Amino acid sequence: MDRKQHLQTYAILVAVMAAWGLNVIATKIIVTEFTPVTITSLRVLTAGITVFLVLALLKKVRWLSRNELIYTLIASIFNVVCHHYFLSVGLTKTTASNAGLILGLGPLLSAILAAIFLGTRLTIPRLCGVLAGLLGVSFIVLENSYGIGSISIGDLFIFLSILTQAGSFILIKKVSRTMDARLMTGYMLLFGSLILFFISIVQEPGAIRGISTASTSVWPIFFGSAIIATALGHMAYNSAISKVGVAESAIFINLSPFFSLVGAAVFLNETITFSHLAGFILILLGVLLGSGAVEDWSAFRKKPYRKRKIEPKI
């Protein structure tokens with residue numbers, strides 16, 4: 001791939017990170033306007049339908065084998081049901097700026113879980129990254145608090161949302177060897193939306209009837225979140241990673257919390273404090289070190305160009 005194609009791919013990655021960062025703001029608005037679990041189930045369903053429509057055009061749709069179905073269902077529970085449930089409920093109890101920064105721990109948590117369950121080696125730089133990331137989160141969740149007992153339950157829910165999503169990547173890595181990760185994404189969104197809907201019936205009875213009374217101005221935000229950020233964003237990300245490699249892409253992931261911070265200040269008038277900025281810097285440092293991005297990037301740059309191996313992202 002030539003320099004121009006690399007630059008185009010990098011531009012796509014920046015756009016995806018902007019969409020994901022601003023999606024935290026969009027989700028905050030959506031769950032404030034609607035009951036959180038019910039509207040989240042519909043948003044995820046919309047995303048799943050979009051993914052299948054795109055895959056149908058690409059002729060990538062097929063049935064799953066029994067083994068693929070089992071792994072996909074389990075991964076869906078972690079990656080879609082738990083992640084989106086904790087995210088939607090958590091955003092009703094904390095600020096979008098806090099949520100965006102805590103969600104930035106995703107690559108770091110993935111690296112930790114990979115070390116535990118997949119045997120990935122934790123080097124000294126990665127351990128330093130873990131400590132920096134945890135310190136960064138401490139700056140955020142203890143802002144305007146008086147100790148551990150007063151930490152926002154919303155912040156805890158947001159942390160659980162990214163923890164369960166990171167855990168799902170272990171399962172996705174196992175099953176993606178036999179199927180297209182984009183197809184697995186579509187099935188996960190579909191299965192997850194149905195489970196979330198049944199949860200909403202129990203937790204938010206009658207909420208579906210109140211959706212029609214919502215302000216019309218929120219629907220463009222709803223469809224933008226579902227189609228652009230959740231559906232097309234994940235598909236574009238997977239496509240871009242297959243072109244530029246894992247090490248390069250990991251750098252771009254860290255832009256998402258930045259866009260969340262900016263979006264929270266611009267669209268929600270949330271105050272960005274020194275603790276937010278300090279937390280962002282520490283999380284950024286933690287992810288770069290803890291996820292192995294710095295080590296991978298260094299090793300990648302030392303290889304002759306013709307010998308570089310480009311690995312697809314899951």
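All values derive from a computational prediction rather than experimental measurement. Below, all heavy atoms of this structure are taken into account, side chains as well, without hydrogens, waters or symmetry copies.
The closest side-chain heavy-atom distance from Asn98 to His276 is below 4.5 Å. Residues Leu160 and His83 are not in side-chain contact: their nearest non-hydrogen atoms beyond the backbone lie 4.5 Å or more apart. Counting heavy atoms from C-beta outward, Phe157 and Leu87 have side chains that stay 4.5 Å or more apart. Between Ile199 and Val81 there is a side-chain heavy-atom pair separated by less than 4.5 Å. Looking only at side-chain heavy atoms (C-beta outward), Ile272 and Ser97 come within less than 4.5 Å of each other.
Taking CG of Leu109 as the start and CD1 of Ile102 as the end, the distance is 11.0 Å to the nearest 0.5 Å. Here the straight-line distance linking atom OG of Ser168 with atom CD1 of Ile74 works out to 12.0 Å at 0.5 Å rounding. How far OG of Ser217 is from CD1 of Ile29: 9.0 Å, rounded to the nearest 0.5 Å. Interatomic distance, Ile39 CD1 to Thr35 OG1, rounded to the nearest 0.5 Å: 7.0 Å. To the nearest 0.5 angstrom, Ile49 atom CD1 is 7.5 Å from Ser193 atom OG. Put simply, CG on Leu163 and SG on Cys82 are 10.0 Å apart, with the number rounded to the nearest 0.5 Å.
Between the Ser225 side chain and the Asn23 main chain, no donor and acceptor come within less than 3.5 Å of each other. Side chain of Ser88 to backbone of Tyr85: a donor-acceptor contact under 3.5 angstrom is found. Although no hydrogens or angles enter the test, the distance criterion places no donor-acceptor pair under 3.5 Å between the side chain of Thr94 and the main chain of Leu91. In terms of modelled atom types and a separation under 3.5 Å, the side chain of Thr230 and the main chain of Ile227 share no donor-acceptor contact. A side-chain donor-acceptor contact under 3.5 Å links Ser76 to the backbone of Met188. At least one donor-acceptor pair closer than 3.5 Å links the side chain of Glu204 to the backbone N or O of Val37.
Across all their heavy atoms, Ser161 and Phe86 have their closest contact at CB-CB, 3.6 Å. In this structure, Thr92 and Val31 approach most closely via the heavy-atom pair CG2-CG2, 3.9 Å. Minimum interatomic distance between Ile211 and Leu42 (heavy atoms only, all atoms of both residues): CD1-CD1, 3.3 Å. Considering every non-hydrogen atom in both Thr72 and Glu68, the closest pair reads OG1-O, 2.6 Å. Ile221 and Ala26 make their closest contact through CG2-CB, 3.6 Å (heavy atoms, listed as atom of the first residue, atom of the second, distance). Contact detail for Ile25 and Ala96: the closest heavy-atom pair is CD1-CB, 3.7 Å.
Salt bridge Glu270/Lys28: absent, no basic N to carboxylate O contact under 4.0 Å.
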Practice task
Take Asn79 and Thr164 through the test side-chain contact (heavy atoms from CB on, under 4.5 Å) and record every step on the way to the result.
Solution key: CA-CA 6 Å; Asn79 187 277; Thr164 52; over 6 Å; no
Practice task
Take Phe258 and Trp20 through the test ring pair (Phe, Tyr, Trp, His ring centres under 6.0 Å) and record every step on the way to the result.
Solution key: CA-CA 10 Å; Phe258 169 76; Trp20 286 357; over 10 Å; no
Problem - Test log, rule side-chain contact (heavy atoms from CB on, under 4.5 Å), inputs Leu69 and Phe191 - result: CA-CA 10 Å; Leu69 177 61; Phe191 296 153; 3.8 Å; yes
Exercise for the section: Just do the side-chain contact (heavy atoms from CB on, under 4.5 Å) check on Leu189 and Leu45 with the steps written out, would you? Expected result: CA-CA 6 Å; Leu189 290 171; Leu45 176 61; over 6 Å; no
Problem - Residue pair Lys60, Leu183: steps toward the side-chain contact (heavy atoms from CB on, under 4.5 Å) verdict - result: CA-CA 7 Å; Lys60 296 288 186 179; Leu183 178 62; 5.8 Å; no
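The closest side-chain donor-acceptor pair between His84 and Arg43 falls under 3.5 angstrom.
Neither Ile228 nor Phe259 shares a network with the other; the hydrophobic side chains, linked directly or stepwise wherever heavy atoms of I, L, V, M, F, W or Y lie under 4.5 Å apart, form separate groups for each. Linking ILVMFWY side-chain heavy atoms closer than 4.5 Å, directly or via other members, places Leu55 and Val80 in a single hydrophobic cluster. Residues Phe267 and Trp219 share a single hydrophobic cluster, defined by chaining ILVMFWY side chains whose heavy atoms lie under 4.5 Å apart. Under the 4.5 Å side-chain heavy-atom criterion for ILVMFWY residues, no single connected hydrophobic cluster contains both Ile112 and Leu131. Taken together through direct or relayed side-chain contacts under 4.5 Å among Ile, Leu, Val, Met, Phe, Trp and Tyr, Trp63 and Leu73 form part of one hydrophobic cluster.
Ring centroids of Tyr187 and Phe52 are separated by less than 6.0 Å, placing the two rings close together.
Within a 6.0 Å radius of CG in Leu57, other residues, nucleotides and ligands contribute more than 12 heavy atoms. Atom CZ of Phe78 sits in a sparse spot, with 12 or fewer heavy atoms from other residues, nucleotides or ligands closer than 6.0 Å.
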